[in-house]
Structures are given as C-alpha cells and as structure tokens.
Amino acid sequence: MAVTREKRRKVNGLVRGIKVLSFGLVLAAVGIIGLLWFCRPDTSVVEKRELTPFPTITWSSFWDGSFFEGVDVWYADTFPLRERLIAGSQTLAGLYGIQSDQLIGDAMAADDIPEAGPDAAPGNNTETVKEPVQAAEPEEVLPDGTVTEAGEMQGQIYITNNCGYGLYYFTQPAADKFAATMNRIYENVKDKVNLYVMICPISAGVMLDESLLTSMGCSSEKAAIDYIYGQINEGVHTVSAFDNLRKHNAEYIYFHTDHHWTALGAYYAYQAFCKEKGITPHKLEDYETMEFPGFMGTFCSKSNNSPALAANPDTVVAYVPKGTNAMTMYYTTGEVVDWYIVNDVSTYNKTALYATFVGGDRPFSYAHNPTVTDGSAVMVIKDSYGNAFIPWLVDHYEYIYWVDARYTSNTISQMVRDYNIQDVIYEVQIYNSSTDSMMSKYAAIGQ
C-alpha cells in the first residue's frame, strides 16, 4: 500500500507540474503575442468599426493617469487575434451550454400607446386625421410562421432558435414629434408633390408571438404605426406594410443574423405601396435573381459572434430590376460613380453582403429606366431599409432618385425643381421615427 501511495504522490506531483508548466507557457505566449505591436489590427471586420488608437501623451494626461488608462484600453481593444479569441470564447461557452439563446444590449421602458386621435399629438397642425390604410386580405390561406419559443432577454437583440430579432419600445413624445414633422413637411410640399410615408416594422413585431413581446415589455409595432399614422394629415399617403408582412411571416422576410428585412420582405412592403398608389405590383417570378450565401449581419457583432447565429448564416437574395440595373451614386467626398442597382457582391466580406442593394448608403443616387418614357420621377428619402426597397420601384418610373437622410444636404424643394419629381416617399425604419437626430434630418430635407 505504501508503494501505491508513493506512486500516486509522484503521479500527482507530475500532473501538477505539467499544469503549472502549461499555464506558464500559455501566459508567456499571450505576453509575447501582446508585444507584437506590428500585428495589432486597426479595424474590426466583425464589429465594423475603427479600433482604439494609441493615446497621445501629454503632460496633464501623464500626471492625472488618463494616458495609462488609454493605453490599457488600446492594449485590450487591439490585441492581436482578438476576434479569433472572442469567437473561441463564445464557442467554448457554447460547449458548456451557456447562453445558447441570448439577447444583447440594454433593456428599455416603453410608453403605453394611446388610441389614435386628432388631439393626441401636441402641436399637430392638421384639421382632419387619416385612418390607417389596411393591407388587403389575401385570398389564399397562408401558413403562420409566428415564433413562440422563448429565448433569453438581456437587452434589445433577441436570439432564439438561432435567429436574431430586433425589439421595439414605443415613446410617445418621439412618435408625436415624428407625426408633427411629417405634417410640417406636407404643408411645405403639398402643392408640388404626392407625399408618401412608410414606417417599416422591424423583425420582432412581425415574427414573434405577442406573449413573448409582452413578457419583455416590448411595444406593439402595429399599434405604434397606427397611432403615428393617426396623427398625420389625411393628405399624406401613409403606407401600411405591417399587415402584409405579418401575413407572410412564415417566409424568409427578415434576416436571421441582421437587423434588415430581406428583399422578399421589402417586396411585401412594395405591394402595400402599390395599393396606396393605385398601381399593380409586378410578380416575383418576373425577376431574375442573384444569391449570395454566408451573410453574417449586424446581430453577429452585437452578440460577440454568437455561436447560435454563426450556426445559421443568411443568404442574401436580390431581384434584378427588369428595365435597368444601371445607376449612378455620389460619395460623401463628391466622387461620382456608375454602379448597379443590384450588384454582384460574391467577393465581398461576408458581413457586407447587404451592400448588393443600390450601392449601400450614399448621399445621393439616381437611375434612369429607358423602358418607361412618361417622365415620371420619384424621390425616396431613406435609411438603410430603403436599400432593399428601391429596386422594386425601378420598373414603375422613368427616373428614380434617392437620398440617405443621414448624409444628404439636398431638400425636396431643390430636387423637385431640378428633377421634376412627382412622388416623394419617406421610408423610415420604425426606430428612426423616434430618433431626434433623424427627425432634424427629415425636417431639413423637407424644406
């Protein structure tokens, strides 16, 4: 027995020695990697941002310690192989069953949504209120794709069944301000153009079961949109896309790993626009398609490369307009580039495949469709949801112009004068209808 215990002590000592040596080697390797300043990245492909630069030393920052704090942040943020290490950490956590479903971000408190009415919005300068336009009931019975399986809540990005969902929280002052902004714009342009407003719902309100949304304190996107539309002047054409999207929620209308809708989702919004405008939408089967698999969108970076999303990459499907696929776009630098409404992005980074649509977010772009010769012209004032929507408009107008509200200095009056525009569409993702910075941009364009 003594011999056995002695052998056991030797074996245990050897094992401890191997552990200490292994731990020391790992620490040494990490330390050596950390010293490789020439291997430190400047940007993060996954997070789509510039990484923290090395701080500039000054006499005051040296003595108050802020320089050394900046070095700490720079060291951690630009550590060589940081993205592979983050991905490895997430994979390791997944092996232990940690947070297979997760919601990333900070939770918000939502306001109650009042009944829509003419007196609900302070400063409303309208005399009458337009009832929300309801999407047409389809003749066929569509399958229900409503998601009922619960995930975990940790903020504003909900991940369940390997799919991410954006969440919405209504704030009444912001909703009232948006409606008042649209009313002021209408007063400015009502004698010049037809004004359309389309608030685009995000994925949770369309895809998730109401009981899940209620349990997380989320707001009803449909009720919020109806409330806002109820405050807008009846002369404005409000496009109600929510019902048509909800009816098609068994289809691939939102990306799993990204906050945008797919081209198919944008198509159902386009159908709602056509109904409001009184024109016939084209059929899906009339279009040539291009597909780009492996898309890893914004939800991936916001969840630190969640293994649940990594296991379920998207395929970007784009429908090429029939009349023309040619466009021209202006960069913020003023450079003018000929481009494609639907571009081949098969060689792009997998995080950038949504850029197939209209060249991404630019201050000003336009297309001329030679198959339409009636002089018709539309201006779309958009955010990034509009990128997938614009291709559907091409075959209905001779001229299509669009500006990204975040980057343009153009105004409706200027563009109507210069381009003889008849229709103006404010395309607004629902959260951008409650952002002060966006409100000021919408108002400036509406002059």
Side-chain angles (χ1 to χ4, degrees), residues 130 132-133 135 178-179 181-200 225 228-229 232-241 244 266-282 321-324 327-329 341 357-358 362-383 385-405 408 410-429 432-433 441-447:
K130 182 178 181 179
V133 177
F178 176 80
T181 300
M182 292 298 110
N183 288 331
R184 286 194 297 272
I185 292 169
Y186 173 70
E187 292 299 321
N188 291 337
V189 305
K190 63 182 180 181
D191 297 327
K192 304 173 185 176
V193 298
N194 303 308
L195 180 62
Y196 294 82
V197 174
M198 181 174 71
I199 299 178
C200 310
I225 293 170
I228 295 171
Y229 283 174
I232 293 179
N233 191 292
E234 66 174 0
V236 179
H237 297 274
T238 52
V239 179
S240 296
N244 206 29
Y267 175 79
Y268 292 125
Y270 151 76
Q271 284 186 330
F273 168 77
C274 289
K275 180 185 177 184
E276 180 64 28
K277 184 171 173 59
I279 59 177
T280 302
H282 295 293
K322 297 181 294 181
T324 182
M327 59 168 281
T328 301
M329 63 182 178
I341 296 168
F357 303 113
V358 301
R362 306 297 174 191
F364 178 78
S365 304
Y366 69 90
H368 173 227
N369 180 2
T371 66
V372 179
T373 58
D374 58 4
S376 56
V378 62
M379 167 61 67
V380 182
I381 299 161
K382 71 168 194 68
D383 53 30
Y385 263 55
N387 297 0
F389 175 73
I390 288 167
W392 298 113
L393 299 178
V394 170
D395 292 311
H396 293 279
Y397 294 90
E398 183 173 356
Y399 299 98
I400 307 93
Y401 304 91
W402 59 98
V403 297
D404 193 294
T408 190
N410 291 291
T411 66
I412 291 178
S413 296
Q414 168 200 341
M415 292 184 286
V416 168
R417 181 181 65 248
D418 293 345
Y419 307 118
N420 193 31
I421 292 165
Q422 299 96 45
D423 293 343
V424 171
I425 305 171
Y426 268 83
E427 173 280 327
V428 183
Q429 188 250 83
N432 284 337
S433 69
K441 295 180 186 299
Y442 294 144
I445 295 169
Q447 299 304 312

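Source: prediction; values computed, not measured.
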(request) Walk me through it: do Asn432 and Tyr385 pass the test side-chain hydrogen bond (donor to acceptor under 3.5 Å, both in side chains)? (result) CA-CA 10 Å; Asn432 284 337; Tyr385 263 55; over 6 Å; no
(message) So Tyr426 and Ile412, do their side chains get closer than 4.5 Å, heavy atoms only?
(response) yes
(message) List the residues meeting salt bridge (charged side-chain N to carboxylate O under 4.0 Å, His left out) with Lys192, not counting sequence neighbours, and say none if there are none.
(response) none
(request) Quick one: list whatever passes ring-ring contact (aromatic ring centres under 6.0 Å, His included) with His396, sequence neighbours left out. (result) Tyr270, His282
(message) Quick check: do Val193 and Met379 have side-chain heavy atoms less than 4.5 Å from each other?
(response) no
(request) Could you tell me whether the side chain of Ile232 reaches within less than 4.5 Å of the side chain of Asn183, counting heavy atoms only? (result) yes
(message) Contact between Tyr399 and Tyr366 at the side-chain level, heavy atoms closer than 4.5 Å - yes or no?
(response) no
(message) When you compare the side chain of Thr324 with that of His368, does any pair of heavy atoms fall below 4.5 Å?
(response) no
(request) Examine distances only and state if a side-chain atom of Tyr229 and a backbone atom of Ile199 form a donor-acceptor pair shorter than 3.5 Å. (result) yes
(request) Find the distance between CG (Asn233) and CZ (Arg184) and round it off to the nearest 0.5 Å. (result) 13.0 Å
(message) Nearest 0.5 Å, please: how far is CD1 in Ile341 from CD1 in Ile400?
(response) 6.5 Å
(message) Could you check whether any side-chain heavy atom of Asn188 comes within less than 4.5 Å of a side-chain heavy atom of Ser413, counting everything from C-beta outward?
(response) no
(request) Would you check if the side chain of Gln422 reaches a backbone N or O of Ala377 as a donor-acceptor pair within less than 3.5 Å? (result) yes
(message) Main chain of Gly386, side chain of Glu427: is a donor-acceptor contact present, judged purely on distance under 3.5 Å?
(response) yes
(request) Tell me, please, which residues at least two apart from Tyr419 pass ring-ring contact (aromatic ring centres under 6.0 Å, His included). (result) Phe364, Tyr401
(request) Might you point out which heavy atoms bring Phe389 and Ala269 nearest each other, and give the distance in Å? (result) CE1-C, 4.2 Å
(request) For the residue pair Lys382 and Ile390, establish whether any side-chain heavy-atom pair is separated by less than 4.5 Å. (result) yes
(request) Write down the atom of Ile228, the atom of Ser433, and the distance for their closest heavy-atom approach. (result) CD1-OG, 4.1 Å
(message) Would you say Asn244 and Gln271 are linked by a side-chain donor-acceptor pair, where the criterion is simply a distance under 3.5 Å?
(response) yes
